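Below is one structure, written out as structure tokens, with a few remarks after it.
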Amino acid sequence: MNKIVNYCKACYDELAHKTSWPTRSELTHSAMVVLSASLFIAVVVFGMDSVFRFVMSTIYPN
């Protein structure tokens, strides 16, 4: 039981005193980078899907 208590204390100490948390501006900037990259990838996948659909409908018309 003592090992578990020591582990929890060490985890708290690590998170409370040794971890460097990002500032609000750093966090906002990182979130915008992730959002932009996600939107870009979504547009690329949509474009590839549209091209594939066009090619397949040309090869196999209904």
Side-chain angles (χ1 to χ4, degrees):
M1 186 67 180
N2 195 22
K3 287 183 178 182
I4 295 172
V5 172
N6 287 338
Y7 176 76
C8 290
K9 286 180 182 179
C11 288
Y12 173 78
D13 185 51
E14 181 79 26
L15 284 173
H17 304 293
K18 297 179 183 176
T19 303
S20 63
W21 296 100
T23 62
R24 182 178 278 286
S25 63
E26 291 173 338
L27 192 60
T28 303
H29 181 264
S30 296
M32 288 298 123
V33 169
V34 169
L35 181 64
S36 301
S38 297
L39 287 174
F40 176 75
I41 291 171
V43 168
V44 168
V45 169
F46 176 75
M48 292 170 57
D49 184 52
S50 297
V51 168
F52 185 72
R53 185 180 318 129
F54 174 75
V55 169
M56 293 308 287
S57 67
T58 303
I59 295 173
Y60 302 109
N62 265 339

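Given the structure is predicted, the values throughout are model-derived calculations rather than measurements.
Every side-chain hydrogen bond (donor to acceptor under 3.5 Å, both in side chains) that Asp49 has, sequence neighbours left out, goes to Arg53.
Annotation: Met56, atom CE; neighbour count of heavy atoms from other residues, nucleotides and ligands within 6.0 Å is above 12.
Residues Tyr60 and Phe52 share a hydrophobic cluster, clusters being chains of Ile/Leu/Val/Met/Phe/Trp/Tyr side chains in contact below 4.5 Å. If you chain together hydrophobic residues whose side chains sit under 4.5 Å apart, Ile41 and Met32 never meet in one group.
To the nearest 0.5 Å, the span separating CH2 on Trp21 from CG on Leu15 amounts to 5.5 Å.
Screening residues 16-33 for salt bridge (Lys or Arg N to Asp or Glu O under 4.0 Å) gives Asp13-Lys18 as the qualifying pairs, with residues at least two apart or on separate chains. Under the salt bridge (Lys or Arg N to Asp or Glu O under 4.0 Å) criterion, no residue pair touches residues 27-45, with sequence neighbours excluded.
Side-chain atoms of Ser30 do not come within 3.5 Å of backbone N or O of Leu27 as any donor-acceptor pair.
Annotation: side chain of Phe40 is not in contact with side chain of Leu35 (no heavy-atom distance under 4.5 Å).
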